[in-house]
Amino acid sequence: MPTQPGPVRSASLRSWIVWLTGAVVYVLAVFHRTSFGVAGLEAADRFGVGAAALSTFTVLQIGVYASMQIPTGILVDRYGPRRVLTIALILLAAGQLMLALAETYWLGLAARGVLGLGDALTFVSVLRLAANHFPIRQYTIVTTLTSALGFVGALAATVPLTLLLAGPGWLPTFLGAGIVTALVVFLVRFAVRDVPEGSVREKPRHTSAREVGAQVVAAWRVPGTRLGFWTHFATMFAPTTLGLLWGMPFLVQGQGYSPTTASSVLMVLVIGAMLTGPLLGAVTSSHRERRMPLVIGYLVTAVLVWAVVLGWQGTLPLGVLFVAFALLSLGGPVSTVGFALARDYNPLWRVGTATGVVNVGGFVATTIASLLVGVLLQLSDGNFRIALSALVIMLLIGAWRMAVWYRRTRAAVFAAESRGEDVPVRLRRRTWDTPLATRECAPTGCR
């Protein structure tokens with residue numbers, strides 16, 4: 001198989017400090033990303049826009065994020081995560097300062113675009129730090145810990161941000177967030193190192209556009225990378241779409257709850273993911289063969305949750321909403337399985353690029369879903385049952401494509417085993433692992 005082993009030593013205390021510093025940057029990025037989850041209604045009043053125009057803020061931000069994931073992976077592989085994280089912080093600070101001062105729709109839109117660009121540079125950089133500093137047996141748990149810490153930023157963007165917006169107001173809140181972000185640049189420059197002490201990082205090699213494209217194509221052709229892409233696509237977008245933008249309007253305008261109560265419900269998305277992420281990471285790192293069954297179990301659960309939420313007549317009781325949002329919150333931790341697949345099935349020098357490819361999946365889905373919900377709300381005169389049905393359609397499409405590449409990835413593993421090669425996961429052959437699937441896949445890619 002095309003994977004290479006990571007470092008065999010145990011991670012040092014310095015490596016943990018490096019990773020934790022990178023994770024702090026990710027926490028800030030998630031806070032900036034999710035701040036419109038509770039600020040969306042105030043932004044609509046501030047800029048004088050409706051549902052479709054409001055969705056454009058999230059569509060632009062996440063669209064920029066998604067489009068930058070593959071370039072980010074290439075930049076990280078070439079220049080190292082420390083430099084990329086520094087640039088990310090500068091962009092995040094600039095974007096939030098612009099948003100604090102924005103009084104027109106177009107300036108606010110530009111600010112969210114800059115925030116999306118800075119946000120795009122963070123997660124892949126932190127995962128590359130993890131890949132460089134930690135042995136492969138710890139990589140999955142560190143990845144899920146990174147995601148869990150990121151939810152601290154999302155948590156700060158719920159009730160605390162709601163209270164700040166209601167108290168000091170828009171300008172002091174976002175101005176302060178921008179200044180704090182700018183100060184973290186000094187922490188990154190002091191604490192982060194691209195590789196462990198005693199290791200030598202290869203000098204970046206200047207590559208042509210054709211070579212860069214070939215690297216992306218090579219990562220995409222690996223069945224495990226494509227399985228990771230569709231896993232991330234299918235699992236992450238629903239809780240992200242609710243948390244980033246449409247959860248608050250759904251709960252306030254669609255269900256009639258107060259903004260404070262609604263933000264408390266949104267906190268369930270954050271707390272649920274934060275608590276289950278490390279547990280899921282521990283299970284999947286110790287038992288890699290259980291990763292995809294867990295993903296499938298989540299997708300089945302999500303379909304049932306949406307059946308209840310969209311089929312309920314009248315106002316949903318708070319108890320039902322808390323349970324529904326808690327179950328949907330598992331999508332974030334489950335989506336990290338996609339990054340583990342990218343790490344397992346690609347050589348270490350291409351992990352940044354492959355991780356970027358995988359990370360595109362969930363954010364492309366979030367971009368499409370956010371836009372569809374906004375457009376359907378506008379067309380249906382505010383009917384959230386119709387608008388949120390777009391999330392179910394997206395879920396089914398993602399699950400279908402994930403199933404196709406799950407089968408092909410398994411075929412590639414069995415083919416490698418038959419040639420006597422080492423494989424990342426030992427699998428038990430099932431009746432649906434047909435000979436046809438095996439013929440479709442080569443060790444480095446599938447047709």
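If you're wondering where the values come from, they're calculated on a predicted model, not measured in any experiment. Position 1 is the first residue of the sequence, and the numbers go up from there.
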Asker: Just jot down the ring pair (Phe, Tyr, Trp, His ring centres under 6.0 Å) partners of Tyr257, sequence neighbours excluded, or say none.
Answerer: none
Asker: Mind checking what makes ring pair (Phe, Tyr, Trp, His ring centres under 6.0 Å) contact with Trp220, not counting sequence neighbours?
Answerer: Phe229
Asker: Indicate the atoms forming the closest heavy-atom contact of Leu299 with Ala399, along with that distance.
Answerer: CD1-CB, 3.9 Å
Asker: What are the two closest heavy atoms between Leu269 and Leu242, and how far apart are they?
Answerer: CD1-CB, 4.0 Å
Asker: Just to verify, what does Thr173 make a side-chain hydrogen bond (donor to acceptor under 3.5 Å, both in side chains) with, not counting sequence neighbours?
Answerer: none
Asker: For Ile17, which residues count as a side chain to side chain contact (heavy atoms under 4.5 Å, CB included) partner, sequence neighbours excluded?
Answerer: Leu13, Thr21
Asker: Just jot down the salt bridge (charged side-chain N to carboxylate O under 4.0 Å, His left out) partners of Arg128, sequence neighbours excluded, or say none.
Answerer: Asp77
Asker: Search all heavy atoms of Ser125 against all heavy atoms of Pro81 and return the closest pair with its distance.
Answerer: O-CB, 3.4 Å
Asker: Among residues two or more places apart or on two chains, list those pairs meeting side chain to side chain donor-acceptor pair (under 3.5 Å) that have a residue in residues 325-338.
Answerer: none
Asker: Does the distance from a Lys or Arg side-chain N to an Asp or Glu carboxylate O, for Arg112 and Asp119, drop under 4.0 Å?
Answerer: no
Asker: Please enumerate all residues that pass side-chain hydrogen bond (donor to acceptor under 3.5 Å, both in side chains) together with Ser380, with sequence neighbours excluded.
Answerer: none
Asker: Between Arg291 and Ala340, which heavy-atom pair has the shortest distance, and what is it?
Answerer: NH1-CB, 3.5 Å
Asker: For residues 174-190, which side-chain donor-acceptor pairs fall under 3.5 Å, sequence neighbours excluded?
Answerer:
unit_1, atom_1, unit_2, atom_2, d
Thr181, OG1, His32, NE2, 2.8
Thr181, OG1, Ala177, O, 2.8
Arg189, NH1, Thr86, OG1, 3.4

Asker: Could you walk me through whether His232 and Phe237 satisfy the ring-ring contact (aromatic ring centres under 6.0 Å, His included) test, starting with their C-alpha distance in whole Å, then the side-chain angles of each, then the deciding distance to 0.1 Å, before giving a yes or no?
Answerer: CA-CA 8 Å; His232 201 250; Phe237 79 93; over 10 Å; no
Asker: Strictly by salt bridge (charged side-chain N to carboxylate O under 4.0 Å, His left out), give each pair with a member in residues 378-404 just once, sequence neighbours left out.
Answerer: none
Asker: Grab the two heavy atoms, one from Gly63 and one from Thr367, that are nearest each other, plus how far apart they are.
Answerer: N-OG1, 3.4 Å
Asker: According to ring pair (Phe, Tyr, Trp, His ring centres under 6.0 Å), who are the partners of Phe31, at least two apart in sequence or on a separate chain?
Answerer: none
Asker: Going by the rule side-chain hydrogen bond (donor to acceptor under 3.5 Å, both in side chains), which residues pair with Trp19 if we only count those two or more places apart in sequence or in a different chain?
Answerer: Thr146
Asker: Return yes if a side-chain donor-acceptor contact under 3.5 Å exists between Ser264 and Thr261, otherwise no.
Answerer: no
Asker: Taking the six-membered ring for Trp, are Trp16 and Phe134 closer than 6.0 Å centroid to centroid?
Answerer: yes
Asker: Applying ring pair (Phe, Tyr, Trp, His ring centres under 6.0 Å), can you list everything that pairs with Phe363, at least two apart in sequence or on another chain?
Answerer: Tyr65
